[in-house]
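Sequence lines set the chain letters: A, B, ... in the order given, protein chains first and strands last, and positions in each chain run from 1. All of these numbers come straight from a predicted model, not from anything done at the bench. Computation of the quantities below employed the complete heavy-atom set of this structure, encompassing side-chain atoms and omitting hydrogens, waters and symmetry-equivalent molecules.
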Protein chains: 2
Amino acid sequence: MKTPKISEAVVRRLPVYLRYLQYLNESSIRTVSSQEMGQTLGINPAQIRKDLAYFGDFGRKGIGYEVPYLIEKIKQILKLDRTIQVALVGAGHLGIALSNYNRFTREKLSIVALFDQDPNKIGCKIGLLPIQPMSELNATVSRLDIQIGIITVPAPEAQRVADRLVAAGVRGILNFAPVKIKVPDEISLRTADLTTELQALAYYID
Amino acid sequence: MKTPKISEAVVRRLPVYLRYLQYLNESSIRTVSSQEMGQTLGINPAQIRKDLAYFGDFGRKGIGYEVPYLIEKIKQILKLDRTIQVALVGAGHLGIALSNYNRFTREKLSIVALFDQDPNKIGCKIGLLPIQPMSELNATVSRLDIQIGIITVPAPEAQRVADRLVAAGVRGILNFAPVKIKVPDEISLRTADLTTELQALAYYID
DNA sequence: TAGATTGTTAATCGATTAACAATC
DNA sequence: TAGATTGTTAATCGATTAACAATC
């Protein structure tokens, strides 16, 4: 698992491969070729082989890839084989929607703490998790060894929340607020902007 | 507004430019250079100029871009200057979160109808909008001239919902279900997969 | 005018795809 | 063995960046 320099495009395709492989596995299909995967996913087979080959020789010439084995390997690469604890800040509808995604827990990437600054929400439970006040952030991140923070607060508060997450010690942030936030270089940041998705779609209408 | 072949990457940056320009406008800043924009947004100034130049000569040499004028132009390009009606199928938390985004309405991209298949939800109101049964889809899409459908149902139902939206006459679909769906070529499709975002982020931890 | 900044062409960079030897 | 399919190198394609004449 040497890494010669993996582009973001490659990393973004891995979860797509993984999901398809899990579907195959549930269908009791044990082997798959890059040809078949490419067909289904709309991705060039050579690209799939190249993406996978960055991380190791997972296939067998003349045969293809063994589904359960490849699932294991991709999980390792994406670190989905070990527990990664996630905190979510902003228990609005989007926050609740995300904390309900059970796929996260299935993949050992699980939201284990919820925070909100609204005093009326403190103590309410979403599923099994109580909503905590922001004053608990540092203590909870340390206690549960939380590595990732998800931001689902309104845009004007996003930077402040990001700063607090960084100070509390998270290693990565997934930001859903429609604003560009700044974090130190050593913190991984991804921004998922739902409004720009819809605006970009409008371009293609007509 | 001739289109020599605009890449998706360009279209995805336009909403980002727009948001920053709107921020400048609210701050009463009337002029901006590609230099300044690039600095703030972390994008190469030459790229910004090139992106904009695909659609027209919006700037003035030696001066830069006039903020209100450029806002108008980008809105025109993204078709945010005309009303585009949107229907949302799946009134769960994610659906409610999206229908509450007031930015959409501000941009004349507004969610004007909600659908769900759960009989218990029918008639409940989210903001001003009642949740309608799927049996109303065709009639409502026609009556309100709805052009875009947003899918926020669970993955196993997504393809079926997409088929119904297409049959009802929408032109574009924004899919939030974590599954690849198929639509006819003439329908624009974007998939926003929140689970793969988080999985990709995990790769960069450590 | 002098300084600044665009629009655009050319150069660079990186990602995708094709091709094929290796080999199951 | 013959057919299939990988891993990888080379070729292609497209996107980003640099450079600069035009001009405000």
Q: More than 12 foreign heavy atoms under 6.0 Å from CZ of A/R190: is that the case here?
A: yes
Q: Applying side chain to side chain donor-acceptor pair (under 3.5 Å), can you list everything that pairs with A/S142, at least two apart in sequence or on another chain?
A: none
Q: Please figure out whether B/R13 or B/G62 has its closest DNA chain D nucleotide nearer the 5' end.
A: B/R13
Q: Tell me whether B/R164 is salt-bridged to B/E157, with the criterion being a basic N under 4.0 Å from an acidic carboxylate O.
A: no
Q: Near DNA chain D, which residues from residues 29-41 of chain B have a heavy atom under 4.0 Å away?
A: none
Q: Pick from A/N175, A/I173, A/I151: which one makes a side-chain contact (heavy atoms from CB on, under 4.5 Å) with A/V161?
A: A/I151
Q: Touch check for A/R60, heavy atoms < 4.0 angstrom, all strands: base, sugar-phosphate only, or nothing?
A: sugar-phosphate
Q: Can you work out whether A/I63 or A/A9 has the more 5'-proximal nearest nucleotide on DNA chain C?
A: A/A9
Q: How many angstroms lie between atom NZ of A/K108 and atom CZ of A/R82, to the nearest 0.5 angstrom?
A: 11.0 Å
Q: Output the distance between atom CD1 (A/I84) and atom CG (A/D145), rounded to the nearest 0.5 Å.
A: 10.0 Å
Q: Going 5' to 3' on DNA chain C, which nucleotide is the first and which the last to come under 4.0 Å of a heavy atom in chain A?
A: C/dA15 to C/dC24
Q: Please examine the side chains of A/L194 and B/L194, heavy atoms only from C-beta on, and report whether any two atoms are closer than 4.5 Å.
A: yes
Q: State which residues pass salt bridge (charged side-chain N to carboxylate O under 4.0 Å, His left out) with A/R13; sequence neighbours excluded, sorted by chain then number.
A: A/D51
Q: Under a cut-off of 3.5 Å for both distances of each Watson-Crick or G-U pair, what dot-bracket string does DNA chain D give, using [ ] for crossing pairs and | for inter-strand pairs?
A: ..||||||||||||||||||||||
Q: Answer whether the closest heavy-atom distance between the side chains of B/Y17 and B/I43 falls below 4.5 Å.
A: yes
Q: Got a sec, which residues hit side-chain contact (heavy atoms from CB on, under 4.5 Å) with A/I205, two or more places apart in sequence or on another chain?
A: B/Q147, B/I148, B/R171
